[in-house]
Amino acid sequence: MSDNGGEPEATARLQKLFEGHRLTPTQRRIAHCVVRRAADAPFLSSVELAELAGVSQPSVTRFAVALGFDGYPALRRHLREVVPTAAEPGESSYNEYQEAVQAEIDNLRHLASLLADPEPVARAGRLLARSRPLPVLGLRAATAQAAGFAYFARKVHPDVRLFDEGGTLLADRIDAAVRAGASTLLCFALPRHPREVVEALEYARGEGLTVVTVADSTFAPVARHSDLLLPAAVGTGLAFDTACAPMLLGRVLLEAMCDALPDAQARLEEFDAKAAARGLFVE
């Protein structure tokens, strides 16, 4: 498998192309595929794009029309203008493992370009810092990102609650967090997106929580149930997706939350002192 991703600037242009259009779930899936395959997209036929996105060829044609083009050929011509430096597929000298790493490097570069405007992350940090308790949701593929965030967040935030199991008790745990005073829920959402995550976010907002979401794309199914969505692309070049950018964005969010917590440094120093006294670490 290979997925060369694309230059951050080209990916940003593609996202702007799709913003402002009311796309169906199938069309959002196609848009997500085009963004992830930014370097290849201008050279794909409608049949090839349909296969990559897992949709029908007519769906690709309707997608192009929904964006205001006469058909897919017109959209593809536009994509070649949007991504002028894309190389013809097959020119890379990397093997598939190297290509997967290069794709993740591209994803990190794209994340760096998005962070040129720090205000969305800073706003998220303030929201997370104010929420007592702070529920953190991540199911299935996103469990590791949610657990990693919660592990470190507990060192500076007085009450972090990890929701990493689905089922009928999830709504109960959201209710308990709301009763305890929570104002914001942080969600990590990665493909394939579980239906219960979408339903949980809808429920959380209905209960008055502000939802901050780290997702793989602005076209992810969780987008319409999020008050603040922070995108970080995943790599799709291997059998299982790679999530370096979402993990790093989680650490950036931790930094922003620490900046908004006046006693964060004191809590870290207290933890370090207790860890040393207990001999927790060998170094």
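We number each residue from 1, following the sequence as shown.
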Quiz item: Between the side chain of S226 and the main-chain N/O of L229, is any donor-acceptor distance below 3.5 Å?
Solution: no
Quiz prompt | Spatial distance of atom CG (L186) from atom CG (L228) [nearest 0.5 Å] | solution = 10.0 Å
Quiz prompt | Test log, rule side chain to side chain donor-acceptor pair (under 3.5 Å), inputs R29 and T26 | solution = CA-CA 5 Å; R29 187 172 183 175; T26 296; over 6 Å; no
Quiz item: Quick one: does N95's side chain get under 4.5 Å of E99's, heavy atoms only?
Solution: no
Quiz item: Quick check: does any side chain N or O of R161 sit under 3.5 Å from a backbone N or O of L134, one acting as donor and the other as acceptor?
Solution: no
Quiz item: What closest approach, in Å, do P191 and D241 show between heavy atoms, and which atom pair accounts for it?
Solution: CG-OD2, 3.5 Å
Quiz item: Do D40 and E48 have side-chain heavy atoms sitting under 4.5 Å apart?
Solution: no
Exercise. Hey, could you give me the SG/CG distance between C187 and L139, rounded to the nearest 0.5 Å?
Key: 7.5 Å
Practice problem: Mind running side-chain contact (heavy atoms from CB on, under 4.5 Å) on L201 and L185 for me, showing each step along the way? | Solution: CA-CA 9 Å; L201 296 191; L185 179 144; 3.8 Å; yes
Quiz prompt | Interatomic distance, Y72 atom OH to H78 atom NE2 [nearest 0.5 angstrom] | solution = 12.5 Å
Quiz item: Take atom CZ in R205; do more than 12 heavy atoms of anything else shown fall under 6.0 Å from it?
Solution: yes
Quiz item: Could you give the distance from CG (D272) to NZ (K155), rounded to the nearest 0.5 Å?
Solution: 9.0 Å
Quiz item: Out of curiosity, does L238 fall in the hydrophobic cluster containing V101 (side-chain heavy atoms, cut-off under 4.5 Å, transitive links)?
Solution: no
Quiz item: Taking a hydrophobic cluster as the set of Ile, Leu, Val, Met, Phe, Trp and Tyr residues connected by side-chain heavy atoms closer than 4.5 Å, whether directly or through intermediates, do V212 and L261 fall within one such cluster?
Solution: yes
Quiz item: If you take all heavy atoms of L14 and A38, which pair is closest and at what distance?
Solution: CD1-CB, 3.6 Å
Practice problem: Would you mind checking if R109 and E104 are paired as a salt bridge, meaning a charged N to carboxylate O distance below 4.0 Å? | Solution: no
Self-check item: Nearest atoms (heavy-atom pairs only) where L108 meets A245
Solution: CD2-CA, 3.8 Å
Quiz item: Under 4.5 Å between any side-chain heavy atoms of L17 and L79, yes or no?
Solution: yes
Quiz prompt | Least distance between heavy atoms, R251 atom then F152 atom | solution = NH2-CE1, 3.5 Å
Quiz prompt | Min side-chain heavy-atom separation L114-L230 under 4.5 Å | solution = no
Quiz prompt | F18-F63 aromatic ring centre distance below 6.0 Å | solution = yes
Quiz item: For atom CG of D172, is the number of surrounding heavy atoms from other residues, nucleotides or ligands below 6.0 Å larger than 12?
Solution: yes
Quiz prompt | Heavy-atom side-chain proximity of N107 to V234 below 4.5 angstrom | solution = no
Exercise. Tell me, yes or no, whether the heavy-atom count around E119 atom CD, taken from other residues, nucleotides or ligands under 6.0 Å, exceeds 12.
Key: yes
Exercise. Using the salt bridge (Lys or Arg N to Asp or Glu O under 4.0 Å) rule, take D175 and R173 through it: C-alpha gap first, then chi angles, then the decisive distance, then the call.
Key: CA-CA 5 Å; D175 287 339; R173 300 181 74 185; over 6 Å; no
Quiz prompt | Side-chain heavy-atom pair P120, R123 within 4.5 angstrom cut-off | solution = no
Practice problem: Quick one: do T184 and R130 satisfy side-chain contact (heavy atoms from CB on, under 4.5 Å)? Show the steps, please. | Solution: CA-CA 8 Å; T184 297; R130 286 199 298 265; over 6 Å; no
Self-check item: Sidechain-backbone polar pair: Q27 side chain, T24 backbone, donor-acceptor under 3.5 Å
Solution: yes
Quiz item: Any sub-3.5 Å donor-acceptor pair from H21's side-chain atoms to L23's backbone N or O?
Solution: no
Quiz item: Between the main-chain N or O of T143 and the side-chain N or O of D164, is there a donor-acceptor pair closer than 3.5 Å?
Solution: no
Quiz item: Judged by atom type as modelled, is there a donor-acceptor pair below 3.5 Å linking the side chain of S131 to the main-chain atoms of L128?
Solution: no
Practice problem: Kindly compute the distance separating CZ (R267) from CD (Q265), expressed to the nearest 0.5 Å. | Solution: 12.5 Å
Quiz prompt | Pairwise distance SG(C244) to CG(L249) - rounded to 0.5 angstrom | solution = 13.0 Å
Quiz item: Does one hydrophobic cluster hold both V136 and I174, with members joined at side-chain heavy-atom distances below 4.5 Å?
Solution: no
Quiz item: Would you say S183 and L127 make side-chain contact, with heavy atoms under 4.5 Å?
Solution: no
Quiz prompt | Heavy-atom check, side chain of T213 versus side chain of L137, under 4.5 Å | solution = no
Quiz item: Does F188 belong to the same Ile/Leu/Val/Met/Phe/Trp/Tyr cluster as V197, with side-chain heavy atoms less than 4.5 Å apart forming each link?
Solution: no
Practice problem: May I ask whether V222 and M247 are part of the same hydrophobic cluster, defined by side-chain heavy atoms of I, L, V, M, F, W, Y residues being less than 4.5 angstrom apart, directly or through others? | Solution: no
Exercise. Determine the minimum heavy-atom distance between R132 and P158, stating which atoms define it.
Key: NH1-CG, 3.3 Å
Practice problem: For residues A260 and A129, report the shortest heavy-atom separation together with the two atoms involved. | Solution: CB-CB, 3.7 Å
Quiz item: Could you go step by step and tell me if E270 and K274 meet the salt bridge (Lys or Arg N to Asp or Glu O under 4.0 Å) rule?
Solution: CA-CA 6 Å; E270 179 185 5; K274 289 184 177 180; 3.3 Å; yes
Quiz item: So L170 and E165, side-chain contact (heavy atoms from CB on, under 4.5 Å) or not? Walk me through it.
Solution: CA-CA 7 Å; L170 184 54; E165 296 180 358; over 6 Å; no
Practice problem: Would you indicate whether R224, at its atom CZ, is surrounded by more than 12 heavy atoms from other residues, nucleotides or ligands within a distance under 6.0 Å? | Solution: no
